[in-house]
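Here you go, one structure.
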Number of protein chains: 2
Amino acid sequence: MTGISGLSAKERAYRDTKARILDGSLPGGDLITEGQVADTLAMSRTPVREAFLRLEAEGLLRLFPKRGALVVAVSPSEVEAVLEARELVEGHALTKLCAAPEADRAVVAGALHAVLDIQRAALAAGDEQAFAEADRRFHITLVESVHNPILLELYASLRDRQLRMNLGSLEKGPTRPQAILAQHEAIVDALGIGDAEQARARLRVHLDATRVSVVGR
Amino acid sequence: MTGISGLSAKERAYRDTKARILDGSLPGGDLITEGQVADTLAMSRTPVREAFLRLEAEGLLRLFPKRGALVVAVSPSEVEAVLEARELVEGHALTKLCAAPEADRAVVAGALHAVLDIQRAALAAGDEQAFAEADRRFHITLVESVHNPILLELYASLRDRQLRMNLGSLEKGPTRPQAILAQHEAIVDALGIGDAEQARARLRVHLDATRVSVVGR
DNA sequence: TCGATGCATCTTGTATGCATCATGTGTCCG
DNA sequence: CGGACACATGATGCATACAAGATGCATCGA
């Protein structure tokens with residue numbers, strides 16, 4: 001029935017719409033309807049409807065009864081909320097790692113180092129795509145080390161939201177990537193010696209820099 | 001057209017099913033179908049389907065394509081995950097409050113004291129229902145003080161899951177409520193003097209006691 | 001007897017139709 | 001000229017219909 005793709009219609013509607021929101025083709029403040037998306041994707045309204053519900057749960061859409069779906073605009077307060085939650089979750093990961101047996105910490109630190117190598121290479125090669133992916137991987141790896149599905153899922157949703165904020169933001173400037181990499185390295189260094197306070201402080205620095213880059217102050 | 005209730009069919013399906021999962025009428029491991037629920041509530045499958053999707057997102061159901069919906073059984077690891085997340089969020093609230101201006105802290109402390117009064121009265125009256133509601137109110141008030149919608153929503157979902165764990169647990173014992181109340185009071189006391197470390201430690205005690213009550217160890 | 005196959009049945013996935021509700025507009029009345 | 005009302009329009013909410021996948025069981029063959 002879908003014919004082309006092996007994915008269900010619901011999944012296609014979800015991914016397509018989400019992608020269009022995240023990459024900015026559907027700007028915040030836009031009002032879209034089930035019918036529009038259904039027509040575009042050549043499917044009925046039913047799967048689109050389910051995709052919309054999911055996107056609303058993720059905070060990307062806001063549904064208005066009988067009126068349409070509003071693409072939620074990124075507000076400064078949302079930026080704050082996302083960053084606060086990120087600091088909480090990632091900071092927890094750092095603390096927990098530093099309190100964990102040496103061996104466990106070493107494993108994660110090793111994984112993080114590997115990611116940093118990739119990120120360094122991406123920076124040298126000027127591959128923004130790979131750099132962003134490595135950045136994502138870095139933070140995900142950190143949060144995964146907590147082994148808590150609930151926190152991991154929350155974090156994934158936070159990353160998605162942040163993605164959208166980044167592109168709304170000012171140009172990152174050519175020095176941003178280097179700064180990001182340096183901040184990552186600083187965090188891993190603190191982690192390497194098991195200094196939780198230091199690691200958290202550096203995480204805070206990293207997220208503050210992110211905030212500045214996003215809200216411009 | 002449902003006529004009777006002012007709620008939408010989707011909302012009724014969601015609340016009813018959720019309630020039946022949380023109160024144990026639908027035990028973990030059960031396989032339910034959209035049709036069953038739709039018949040029971042005298043509505044079509046469509047709104048039930050949407051309710052199921054929502055419940056899956058909350059971690060209460062797990063949907064299997066073309067097979068049905070599994071009521072997720074509470075696992076020990078889920079208990080750990082929920083409690084870890086709760087400690088993280090509530091602990092953050094305590095820390096943030098202690099770092100906030102005296103006035104802000106006093107406002108929240110006042111609200112918490114008010115809730116404790118209610119809880120004390122409920123305990124004296126032997127009103128379990130009211131006691132549980134006050135307990136819920138206590139923790140929600142704490143988390144609300146963070147003013148972060150993302151964390152608040154996460155917390156709400158955590159509380160729901162915990163609800164279900166409690167009833168699967170051993171009898172609470174007549175002394176449990178008193179212990180809970182005492183632990184709450186201890187937390188608020190530490191908060192009153194702005195001692196974040198102390199408050200967090202007491203929160204940890206409280207949640208540990210909860211874990212013992214739930215998993216029995 | 002045991003395993004493979006085909007079918008009946010059940011459930012979901014999607015499409016479609018209709019009723020309802022919200023909104024904007026044009027007209028009529030003051 | 002201004003405001004209220006009736007209606008056209010468009011969207012969702014829900015019901016229903018149908019197709020397709022998954023499962024269990026009976027049946028058949030070795």
Side-chain angles (χ1 to χ4, degrees), chain A residues 1-21 25-73, chain B residues 1-21 25-73:
Chain A
M1 54 277 3
T2 68
I4 310 178
S5 158
L7 288 168
S8 68
K10 170 172 63 178
E11 201 57 26
R12 278 187 300 140
Y14 169 73
R15 295 195 190 184
D16 185 271
T17 307
K18 179 168 177 173
R20 287 202 296 167
I21 293 175
S25 348
L26 287 177
D30 247 33
L31 203 59
I32 62 179
T33 71
E34 297 172 0
Q36 281 172 22
V37 177
D39 287 349
T40 302
L41 299 180
M43 61 180 66
S44 80
R45 277 176 41 221
T46 309
V48 176
R49 185 178 179 72
E50 297 176 358
F52 275 26
L53 288 171
R54 231 171 119 183
L55 291 168
E56 183 187 34
E58 291 181 25
L60 295 177
L61 281 185
R62 189 159 159 205
L63 269 35
F64 289 90
K66 315 259 188 187
R67 302 227 298 125
L70 180 78
V71 180
V72 176
Chain B
M1 72 217 34
T2 66
I4 311 180
S5 160
L7 288 167
S8 68
K10 171 172 65 176
E11 200 57 26
R12 278 187 300 138
Y14 170 73
R15 295 196 190 183
D16 185 272
T17 307
K18 180 167 177 173
R20 285 202 299 168
I21 293 175
S25 348
L26 287 176
D30 247 32
L31 203 58
I32 63 179
T33 72
E34 298 171 0
Q36 281 172 21
V37 177
D39 287 349
T40 302
L41 299 181
M43 62 179 67
S44 83
R45 276 177 44 222
T46 308
V48 175
R49 184 178 179 73
E50 298 176 356
F52 275 26
L53 288 171
R54 229 171 121 184
L55 291 168
E56 184 187 34
E58 291 182 24
L60 296 176
L61 281 184
R62 189 160 159 204
L63 269 34
F64 289 90
K66 314 261 187 187
R67 301 227 302 123
L70 180 77
V71 180
V72 175

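Below, read A as the first sequence line, B as the second, and so on, with proteins coming before strands; counting in each chain starts at 1. The structure displayed is predicted, hence computed values, not measured ones.
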Can you list, by residue number, the residues of residues 57-65 of chain B that have a non-hydrogen atom closer than 4.0 angstrom to DNA chain D?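 The stretch gives none, as no residue of it lies under 4.0 Å from the strand.
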
Looking at B/R67, does any N or O in its side chain come under 4.0 Å of the phosphate oxygens OP1/OP2 on D/dG21?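 Checking B/R67 against D/dG21: no side-chain N or O falls below 4.0 Å of OP1 or OP2.
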
Looking only at heavy atoms, what is the nearest atom pair of A/V48 and A/A13, with distance?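 Heavy-atom minimum between the residues: CA-CB, 4.0 Å.
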
Without decimals, in angstroms, what is the distance between A/I32 CD1 and D/dG10 P?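 Going from CD1 in A/I32 over to P in D/dG10 covers 18 Å.
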
Distance, nearest 0.5 Å, that separates CG of B/L55 from CD1 of B/I21: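 Output value for this atom pair is 5.0 Å.
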
Nearest whole Å is fine: how far is D/dC14 P from A/E34 CD?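 Rounded to the whole Å, the gap is 11 Å.
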
Who pairs with A/D39 by side-chain hydrogen bond (donor to acceptor under 3.5 Å, both in side chains), at least two apart in sequence or on another chain?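 By the side-chain hydrogen bond (donor to acceptor under 3.5 Å, both in side chains) rule, A/D39 matches no residue at all.
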
Sole residue of A/L31, A/T17, A/D30 in side-chain contact (heavy atoms from CB on, under 4.5 Å) with A/V71: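 So the option named by the test is A/D30.
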
Checking B/Q36 now: which residues fulfil side-chain hydrogen bond (donor to acceptor under 3.5 Å, both in side chains) with it, not counting sequence neighbours?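 By the side-chain hydrogen bond (donor to acceptor under 3.5 Å, both in side chains) rule, B/Q36 matches no residue at all.
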
Euclidean distance, atom CD of residue B/E11 to atom P of D/dC14 [Å, nearest integer]: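 Taking CD of B/E11 and P of D/dC14, I get 10 Å after rounding.
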
Does B/K18 have any side-chain hydrogen bond (donor to acceptor under 3.5 Å, both in side chains) partners at least two apart in sequence or in another chain, and if so, which?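 By the side-chain hydrogen bond (donor to acceptor under 3.5 Å, both in side chains) rule, B/K18 matches B/Y14, B/E58, B/D160.
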
Mind listing the closest non-hydrogen atom pair of B/L61 and B/A69 along with its distance?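 The answer is CD1-CB, 4.2 Å.
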
Take the protein atom NZ of A/K66 and the nucleotide atom P of D/dT12, then report the distance between them rounded to whole Å.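 Interatomic distance, NZ of A/K66 to P of D/dT12: 10 Å.
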
Holding to side-chain hydrogen bond (donor to acceptor under 3.5 Å, both in side chains), I want the full list of residues that pass it with B/E34, two or more places apart in sequence or in another chain.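 With sequence neighbours excluded, B/E34 shows a side-chain hydrogen bond (donor to acceptor under 3.5 Å, both in side chains) to B/R45, B/R49, given in chain and number order.
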
For DNA chain D, which residues in residues 37-54 of chain A have a heavy atom at a distance below 4.0 Å?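 Residues of residues 37-54 of chain A that come under 4.0 Å of DNA chain D are, in numerical order, A/R45, A/R49.
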
